[in-house]
Peer 1: 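Here it is, the structure, as structure tokens.
Only heavy atoms go into these numbers, but all of them, side chains included; no hydrogens, no water, no symmetry mates. Chain letters run A, B, ... following the sequence lines, proteins first and then strands; every chain starts at 1.
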Amino acid sequence: MKFISKKEILIDKELSELDLFTLDFIKILKKYTNYVIVSGYVSILLGRSRVSEDVDIIIPKLDFKKFELLADDLKKNNFYCLNNEKNRDIYDYLVKNTAVRFAKKNTVIPNIEIKFEKNKFDKISLNNTIKVKIENYEIVISQLELQIAFKEKVLKSQKDMEDARHIRNVANEHLNFELIDSYKVMLNEFY
Amino acid sequence: MSFIEKNNKERLDFVDKWSKYVLEHDDKTWSKQQNVIINSGLKSAKMTKEEYLNMKEKTQS
């Protein structure tokens with residue numbers, strides 16, 4: 001694992017089924033919008049030894065026309081939405097700040113949980129991304145400092161504390177600790 | 001130290017050991033082992049759509 005810069009990490013790893021599933025989804029997603037992966041999969045991508053059944057993705061709010069193109073492309077590529085079949089209903093969930101899940105047809109796990117950007121932390125995540133390059137693939141993840149702060153300050157479950165610890169350990173020399181603390185103050189005011 | 005505190009400490013100790021291993025070994029080596037956990041975990045997870053969404057609703061509320 002090489003931290004090339006604040007914006008780029010190279011990983012020469014063997015791809016897991018979760019990686020392959022995620023890459024399959026974002027290959028379609030990125031045709032229609034920018035995106036950022038947040039939460040558990042970020043630490044897993046950086047080597048954490050646990051499984052997750054879902055991958056959390058934030059995207060900017062899309063208009064319905066664009067969302068429909070994305071949803072149709074996903075369906076064409078063997079994905080379906082667990083929450084609803086109709087594009088309009090799925091879109092309404094997203095607009096009402098409810099996340100929706102997509103999996104491969106006839107399966108439930110793994111799945112992608114996708115939501116529209118809804119607050120300033122989602123905006124920070126979308127605007128401060130890191131490209132993780134694996135072989136010829138590229139996966140866009142959130143800034144690690146925000147992930148650590150969110151897990152330690154807001155989520156705080158044992159699993160989240162362990163995820164944050166793992167990220168701190170593997171990225172230690174590349175982290176801005178003052179930024180983590182300032183995000184924690186911001187999160188304190190927000191949540 | 002309570003049982004839960006002891007358990008949490010042991011888990012964090014393992015996180016530290018594993019992340020050290022990740023840093024000290026090439027990516028193919030650690031990822032091969034990580035993938036055993038991920039791939040077998042995904043394979044063994046069998047749920048209907050309804051069961052899964054109910055479970056997520058309860059854990060997120």
Side-chain angles (χ1 to χ4, degrees), chain A residues 1-3 9-22 41 43-54 80-85 98-101 103-111 113 132 134-135 155 157-159 161-173, chain B:
Chain A
M1 192 182 313
K2 285 187 187 134
F3 289 77
I9 301 171
L10 289 186
I11 306 179
D12 184 30
K13 65 174 288 198
E14 284 198 357
L15 296 168
S16 69
E17 286 180 26
L18 191 61
D19 297 324
L20 292 168
F21 171 78
T22 306
Y41 184 67
S43 64
I44 292 170
L45 197 57
L46 299 182
R48 170 99 151 91
S49 62
R50 74 167 178 93
V51 67
S52 175
E53 88 283 355
D54 60 4
Y80 81 105
C81 178
L82 276 69
N83 307 74
N84 207 297
E85 287 176 20
T98 302
V100 295
R101 293 173 184 274
K104 286 285 187 178
K105 277 176 194 154
N106 303 317
T107 70
V108 177
I109 292 168
N111 61 69
E113 187 182 59
V132 178
I134 309 169
E135 297 173 10
L155 299 174
S157 74
Q158 177 74 17
K159 180 185 72 179
M161 298 305 280
E162 290 170 6
D163 282 352
R165 176 92 152 224
H166 178 82
I167 297 172
R168 278 183 183 271
N169 287 346
V170 296
N172 184 54
E173 291 171 22
Chain B
M1 194 184 282
S2 72
F3 173 78
I4 293 172
E5 285 168 341
K6 191 168 177 272
N7 182 255
N8 288 349
K9 186 186 175 305
E10 283 171 2
R11 290 185 60 94
L12 283 175
D13 286 346
F14 178 74
V15 170
D16 291 343
K17 277 187 186 139
W18 174 254
S19 50
K20 188 168 182 279
Y21 186 89
V22 166
L23 287 173
E24 289 174 351
H25 293 78
D26 64 74
D27 297 343
K28 296 276 190 219
T29 302
W30 62 255
S31 63
K32 204 174 282 181
Q33 295 168 69
Q34 185 201 37
N35 288 355
V36 173
I37 296 169
I38 294 174
N39 295 344
S40 61
L42 292 177
K43 202 173 177 183
S44 64
K46 286 190 173 64
M47 256 186 228
T48 66
K49 182 177 75 176
E50 290 73 22
E51 286 168 343
Y52 180 78
L53 290 173
N54 274 337
M55 179 196 79
K56 293 308 282 189
E57 198 176 320
K58 279 177 191 163
T59 54
Q60 287 175 350
S61 63

Peer 1: Where does Thr48(B) contact chain A at under 4.5 Å (heavy atoms): side chain, backbone, both or neither?
Peer 2: backbone

Peer 1: For Thr107(A), is it the side chain, the backbone, both or neither that has a heavy atom under 4.5 Å from a heavy atom of chain B?
Peer 2: neither

Peer 1: Under 4.5 Å from any heavy atom of chain B, what part of Asp163(A) do you find: side chain, backbone, both or neither?
Peer 2: neither

Peer 1: Taking all non-hydrogen atoms of both residues into account, name the closest pair between Leu12(B) and Arg165(A) and its distance.
Peer 2: CD1-NH1, 3.8 Å

Peer 1: Spell out, as yes or no, whether a donor-acceptor pair under 3.5 Å connects the side chain of Asp27(B) to the backbone of Glu14(A).
Peer 2: no

Peer 1: Could you tell me whether Glu53(A) and Arg101(A) make a salt bridge, using a distance below 4.0 angstrom between a side-chain N and a carboxylate O?
Peer 2: no

Peer 1: Top residue by heavy-atom pair count (under 4.5 Å) with chain B, among Leu18(A), Asp54(A), Val170(A), Asn83(A)?
Peer 2: Val170(A)

Peer 1: Look at Glu162(A), Glu113(A), His166(A), Met1(A) and state which one has the largest set of heavy-atom pairs under 4.5 Å with chain B.
Peer 2: Glu162(A)

Peer 1: Side chain, backbone, both or neither: which part of Val22(B) has a heavy atom under 4.5 Å from chain A?
Peer 2: side chain

Peer 1: Is there a donor-acceptor pair under 3.5 Å between the side chain of Asn54(B) and the backbone N or O of Glu51(B)?
Peer 2: no

Peer 1: Need one label for Asp16(B): side chain, backbone, both or neither, based on atoms under 4.5 Å from any heavy atom in chain A.
Peer 2: both

Peer 1: Just how far is it from atom NZ of Lys32(B) to atom OG of Ser16(A), taken to the nearest 0.5 Å?
Peer 2: 14.5 Å

Peer 1: Go through the atoms of Arg50(A) and report whether side chain, backbone, both or neither lie under 4.5 Å from a heavy atom of chain B.
Peer 2: backbone

Peer 1: Counting only non-hydrogen atoms closer than 4.5 Å, does Leu10(A) touch chain B with its backbone (N, CA, C, O), its side chain (CB onward), both, or neither?
Peer 2: backbone

Peer 1: Which region of Leu23(B), side chain (C-beta onward) or backbone (N, CA, C, O), has a non-hydrogen atom less than 4.5 Å from a non-hydrogen atom of chain A, or is it both or neither?
Peer 2: side chain

Peer 1: What distance do Trp18(B) atom CH2 and Gln33(B) atom CD have between them, rounded to the nearest 0.5 Å?
Peer 2: 4.5 Å

Peer 1: To the nearest 0.5 Å, what is the distance between NZ (Lys28(B)) and CH2 (Trp30(B))?
Peer 2: 10.5 Å

Peer 1: Tell me, for Leu46(A) versus chain B, whether the close heavy atoms (under 4.5 Å) come from the side chain, the backbone, both or neither.
Peer 2: backbone

Peer 1: Contact part of Phe14(B) toward chain A, heavy-atom cut-off under 4.5 Å: side chain, backbone, both or neither?
Peer 2: side chain

Peer 1: With only heavy atoms counted, which part of Leu45(A) is less than 4.5 Å from chain B, the side chain, the backbone, both or neither?
Peer 2: backbone

Peer 1: Do we see a donor-acceptor contact under 3.5 Å between the side chains of Asp19(A) and Thr22(A)?
Peer 2: no

Peer 1: Identify which part of Gln158(A) has an atom lying under 4.5 Å from any heavy atom of chain B, answering side chain, backbone, both or neither.
Peer 2: side chain

Peer 1: Answer yes or no: is there a side-chain heavy-atom contact under 4.5 Å between Glu17(A) and Phe21(A)?
Peer 2: no

Peer 1: If you count heavy-atom pairs under 4.5 Å with chain A, which of Thr29(B), Ile38(B), Asp26(B) comes out on top?
Peer 2: Ile38(B)

Peer 1: Could you tell me the separation between the OG atom of Ser31(B) and the CG atom of Leu15(A), rounded to the nearest 0.5 Å?
Peer 2: 8.0 Å

